[in-house]
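Everything numeric in this text was worked out from a predicted model, so none of it was measured. Counting begins at 1 with the first residue of the sequence.
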Amino acid sequence: MHFLIYHTVRTDKDTGNKAYQEFQIQSQQLTIGRAPDQHVQIDEPLVELCHAIINLHPDGQLHVQSLAPGGIQINGKSYESKQLTSGDSIHIGSVIITIEQPRSDHPAVATIDYAIGANKCNLESLHYTTLGQTRLSKSFWSWMLAVSVMLLFFIIPISGLFSPSVKQLLRESVLLPDDSLWLTGPLHRSHQIIGKDCNACHTTPFKMVQNQQCIECHRDIQHHVDVASHDIDHFHENRCADCHREHNEPSTLVQPDQRFCVDCHQNLKKLKNDTELADVSDFDSDHPEFSLTLLKPFFEETQTRWQAVRIERNSLATIREESYLQFSHKDHLNPKGIRSPNGDKLLECQDCHRPNTSRRKMLPIKMEKHCGNCHKLDLDENNLSKQIPHGDLNELFDTLKEYFSHQYLGQDALTSSQPIKDQLRRPNVKNRVLSIEDRKRALDWANKQSLIAAQDLIEKRVCIDCHHIYRIPGKTGFEKWYVKPVVLNRKWMPLAGFNHAKHTGVSCKSCHKNAKESKKSSDILIPKIETCRDCHGGKKDKHKLPSDCLMCHKFHLPNRGLLDKAHQTVTEKSSAQNNSSKPMNTNKE
């Protein structure tokens with residue numbers, strides 16, 4: 001059986017509302033008396049050690065039995081025993097026990113209260129001592145504590161701000177407090193080089209660190225927008241410390257909260273009406289399709305220049321890469337293998353696409369390193385020991401003329417610009433000097449054979465396999481060929497970053513899904529945003545990897561001008577020069 005007891009602990013003098021403490025007593029009977037072992041203890045002299053007992057009969061009725069002479073008061077009348085019903089009040093000393101309506105889980109419910117004006121004796125008060133009982137003054141110790149805190153944590157540390165000698169003494173002392181007590185957290189490890197020199201950043205006491213103090217060390221930091229444009233006006237009131245918080249735990253200089261970015265980028269039209277950038281507030285729910293930057297070739301006579309062109313999102317389905325390379329991923333990733341000088345070879349993506357030492361980015365593709373093992377540049381199919389150079393037609397022609405001149409003369413190569421030596425002889429013929437006719441005939445033969453071999457190499461079996469060959473009108477000799485240079489795009493999204501090292505557990509084909517079926521090098525194999533969203537979710541996503549803006553984007557963008565206002569004039573001039581139509585600096589494979 002369970003008795004549920006509500007004990008009054010506090011009564012509001014103004015409203016009369018009472019606060020109760022709830023107890024559950026598991027027993028067949030509820031004992032009431034002055035003894036310590038009673039369930040309801042009433043510490044009053046007129047109360048017997050065992051004063052009364054409340055029992056619950058099998059029929060569900062409560063009965064009270066008096067154990068004291070003279071009975072107990074129930075509803076103002078004296079009884080030796082009585083059946084109890086809801087609403088009955090038992091008076092024992094100054095305590096009133098009221099029987100409440102039973103509950104389904106508790107057949108016996110009672111409330112213990114004190115009569116109005118009763119002198120309550122709290123047993124708990126016998127077990128603790130108040131400060132007043134010790135004859136100590138609360139006011140004295142409060143003032144001592146306040147003065148000690150002011151002295152140790154404010155007056156002594158602040159004295160160092162007005163006297164350099166005192167400041168040095170405080171910072172070098174182990175026992176004396178200095179202004180480092182005011183730090184809200186540790187200094188980031190990148191800034192620990194300044195040691196305890198707080199004045200390196202905090203030049204003015206009780207004033208926030210200004211941008212100028214940051215720029216003293218970080219002079220090469222670029223701005224977020226072009227400093228020569230009016231967009232710079234939106235950042236005049238911003239401080240470096242708005243985003244780079246020091247003395248915080250965990251110690252992180254770059255705040256990962258994307259609200260710093262979204263404050264502006266979720267509604268760019270409010271800041272700049274003519275912006276071409278799309279609004280963005282979350283990667284998963286509100287982010288535009290990726291825009292790509294491609295290298296577009298411009299062919300003029302015998303030269304090719306390249307210019308970076310940003311492709312709009314609605315054109316991604318129709319664009320093609322113009323690298324002047326003829327290449328098929330499908331043929332090279334054939335599951336049955338591809339023919340090579342050493343037999344059929346099964347290729348994987350990593351055979352050509354290899355990461356750098358940091359494994360964050362991919363190394364450029366080079367013919368000699370990645371393709372040369374299979375694509376041999378044999379000069380003569382019948383003489384595999386002689387290879388031709390790659391990447392320079394003039395060097396190729398010189399190699400051919402050297403090869404055929406050596407065949408004819410058995411000695412060093414002959415060229416029209418290098419006269420034949422007077423003592424040049426035919427092999428195995430002693431003391432016979434070549435005549436002028438022999439020399440001319442040797443040079444003509446070497447040039448003719450070189451031209452025939454060059455046409456075979458360039459237009460039929462070697463260069464034509466991978467390159468676009470262009471014949472220059474009006475030319476007849478070696479000058480009539482122009483091999484368009486191959487430039488592979490390495491910066492598809494210059495304003496975003498991708499770390500291959502963090503994706504090593506994912507196969508290449510899971511992101512570059514169309515590579516296995518791609519037949520042309522012009523196919524765009526960069527994944528779309530829906531592929532990234534298979535694993536990456538929004539900032540608050542609980543089922544995918546939470547991804548904020550700083551995971552892919554940097555704030556300080558290159559070529560936007562220095563953050564220091566003192567350098568903005570110089571930056572504007574250089575920026576104007578950089579806007580001229582110059583070819584992008586790319587790696588030519």
> Would you say the side chain of Phe290 lies within less than 4.5 Å of the side chain of Met493, judging by non-hydrogen atoms?
Replying inline: yes
>> Side chains of Gln387 and Asp378: any donor to acceptor distance under 3.5 Å?
In response: yes
> Do Leu271 and Asp231 pass the side-chain contact (heavy atoms from CB on, under 4.5 Å) test, and can you show the C-alpha distance, the side-chain angles, and the key distance before you say yes or no?
Replying inline: CA-CA 8 Å; Leu271 300 176; Asp231 298 340; over 6 Å; no
>> Would you compute the distance between atom CG of Asn394 and atom CG of Asp392 and round it to the nearest 0.5 angstrom?
In response: 5.5 Å
> Are any non-hydrogen side-chain atoms of Cys240 and Leu563 less than 4.5 angstrom apart?
Replying inline: yes
>> Return the SG to CD1 distance between Cys217 and Ile193, rounded to the nearest 0.5 Å.
In response: 8.5 Å
>> Is any side-chain heavy atom of Asp279 closer than 4.5 Å to one of Gln266?
In response: no
>> Under a 3.5 Å distance rule, please check whether His553 uses its side chain to pair with a backbone N or O of Leu495 as donor and acceptor.
In response: yes
>> Would you compute the distance between atom CD of Glu216 and atom OG1 of Thr203 and round it to the nearest 0.5 angstrom?
In response: 9.5 Å
>> With side-chain contact (heavy atoms from CB on, under 4.5 Å) as the criterion, how do Met362 and His500 come out once you've worked through the C-alpha distance, each side chain's angles and the decisive distance to 0.1 Å?
In response: CA-CA 8 Å; Met362 290 294 171; His500 280 89; 3.6 Å; yes
> Stepwise, does the side-chain contact (heavy atoms from CB on, under 4.5 Å) test hold for His244 with Val254?
Replying inline: CA-CA 5 Å; His244 302 283; Val254 180; 4.0 Å; yes
>> Using side chain to side chain donor-acceptor pair (under 3.5 Å), reason through Glu246 and His191 one step at a time and then give a plain yes or no.
In response: CA-CA 9 Å; Glu246 260 291 11; His191 287 158; 2.7 Å; yes
> Rounded to the nearest 0.5 Å, how far does CG of Asn447 lie from CD1 of Ile452?
Replying inline: 11.0 Å
>> Nearest 0.5 Å, please: how far is NE2 in His467 from CG in Asp465?
In response: 9.5 Å
>> Test your reading of the model: is there a side-chain donor-acceptor pair from Asn211 to the backbone of Asn238, 3.5 Å cut-off?
In response: yes
> With no hydrogens and no angle check, do the side chains of Gln455 and Trp481 hold a donor and an acceptor under 3.5 Å apart?
Replying inline: no
> Is any side-chain heavy atom of Leu400 less than 4.5 Å from a side-chain heavy atom of Leu457?
Replying inline: yes
> For the residue pair His536 and His503, does the interplanar ring angle fall in the parallel (under 30°), tilted (30 to 60°) or perpendicular (over 60°) class?
Replying inline: tilted
Quiz: residues 346-358 side-chain donor-acceptor pairs under 3.5 angstrom, not counting sequence neighbours:
unit_1: Asp351; atom_1: OD2; unit_2: Glu348; atom_2: N; d: 2.7
unit_1: Arg354; atom_1: NE; unit_2: Asp351; atom_2: O; d: 3.2
unit_1: Arg354; atom_1: NH2; unit_2: Asp351; atom_2: O; d: 3.0
unit_1: Asn356; atom_1: OD1; unit_2: Ser358; atom_2: N; d: 3.3
unit_1: Asn356; atom_1: OD1; unit_2: Ser358; atom_2: OG; d: 2.9
unit_1: Asn356; atom_1: OD1; unit_2: Arg359; atom_2: N; d: 2.9
unit_1: Asn356; atom_1: OD1; unit_2: Arg360; atom_2: N; d: 3.4
unit_1: Ser358; atom_1: OG; unit_2: Arg360; atom_2: N; d: 3.3

>> So, using salt bridge (charged side-chain N to carboxylate O under 4.0 Å, His left out) as the criterion, who are the partners of Lys167 when residues are at least two apart?
In response: none
> Do the side chain of Glu322 and the main chain of Arg320 share a donor and acceptor less than 3.5 angstrom apart?
Replying inline: no
> Between the main-chain N or O of Leu187 and the side-chain N or O of Gln192, is there a donor-acceptor pair closer than 3.5 Å?
Replying inline: yes
> Do any N or O atoms from the side chain of Gln449 and from the backbone of Ala446 form a donor-acceptor pair under 3.5 angstrom?
Replying inline: no
> Is the backbone N or O of Ile529 less than 3.5 Å from a side-chain atom of Glu289, with the two atoms forming a donor-acceptor pair by type?
Replying inline: yes
>> Let's go through His556 and Ile221 carefully: what are the C-alpha distance in whole Å and the side-chain angles of both, what is the deciding distance for side-chain contact (heavy atoms from CB on, under 4.5 Å) to 0.1 Å, and is it a yes or a no?
In response: CA-CA 7 Å; His556 300 284; Ile221 296 298; 3.2 Å; yes
>> Main chain of Asp331, side chain of Ser328: is a donor-acceptor contact present, judged purely on distance under 3.5 Å?
In response: yes
> Which pair of non-hydrogen atoms, one from Asp284 and one from Gly538, has the smallest distance, and what is that distance?
Replying inline: CB-N, 3.3 Å
> Would you call Arg310 and Glu276 a salt bridge, taking side-chain N to carboxylate O under 4.0 Å as the test?
Replying inline: no
> Out of Tyr324, Tyr470, Tyr482, which one pairs with Thr304 under the side-chain hydrogen bond (donor to acceptor under 3.5 Å, both in side chains) rule?
Replying inline: Tyr482
> Taking the side chain from His375 and the backbone from Cys371, do they hold a donor-acceptor pair closer than 3.5 Å?
Replying inline: no
> Is the number of heavy atoms from other residues, nucleotides or ligands under 6.0 Å of Lys480 NZ greater than 12?
Replying inline: yes
>> Checking the side chain of Thr204 only, and the main-chain atoms of Lys207 only, is there a donor and an acceptor separated by less than 3.5 Å?
In response: no
> Taking the inter-plane angle between the rings of Phe555 and Phe235 on a 0 to 90° scale, is it parallel (under 30°), tilted (30 to 60°) or perpendicular (over 60°)?
Replying inline: perpendicular
> Which heavy atom in Val462 sits nearest to a heavy atom in Ile388, and how many Å separate them?
Replying inline: CG1-CD1, 4.5 Å
> Taking everything shown except Lys540 itself, do over 12 heavy atoms lie less than 6.0 Å from its NZ?
Replying inline: no
>> Using a strict threshold of under 4.0 Å (side-chain N to carboxylate O), is an ion pair present between Lys539 and Asp548?
In response: yes
> Just wondering, are more than 12 heavy atoms of other shown residues or ligands nearer than 6.0 Å to CD in Glu237?
Replying inline: no
> Any donor and acceptor pair, going by atom type alone, linking the side chain of Ser405 with main-chain N or O of Lys401 inside 3.5 Å?
Replying inline: yes
> Taking NZ, NE, NH1 and NH2 as the nitrogens, is one of them in Lys520 or Asp523 under 4.0 Å from a carboxylate oxygen of the other?
Replying inline: no
>> Whether Arg339 and Asp344 form a salt bridge (side-chain N of Lys/Arg under 4.0 Å from carboxylate O of Asp/Glu) is what I want to check.
In response: no
> Can you check whether Trp182 reaches Pro157 side chain to side chain, under 4.5 Å on heavy atoms?
Replying inline: yes
> Once you round to the nearest 0.5 Å, how far does CZ of Arg259 lie from SG of Cys264?
Replying inline: 14.0 Å
> Going through the distances and angles, do Asp541 and Lys544 end up as a salt bridge (charged side-chain N to carboxylate O under 4.0 Å, His left out)?
Replying inline: CA-CA 6 Å; Asp541 200 309; Lys544 300 179 182 179; 5.4 Å; no
> Going through the distances and angles, do His406 and Phe404 end up as a ring-ring contact (aromatic ring centres under 6.0 Å, His included)?
Replying inline: CA-CA 5 Å; His406 187 274; Phe404 288 107; over 10 Å; no
>> Closer than 4.0 angstrom, basic N to acidic O: yes or no for Lys513 and Asp534?
In response: yes
> Below 4.5 Å, heavy atoms only, C-beta onward: do Phe283 and Cys532 meet side chain to side chain?
Replying inline: yes
>> For a quick test of reading the model, state the closest non-hydrogen atom pair linking Gln222 to Arg560 and the distance between them.
In response: OE1-N, 3.2 Å
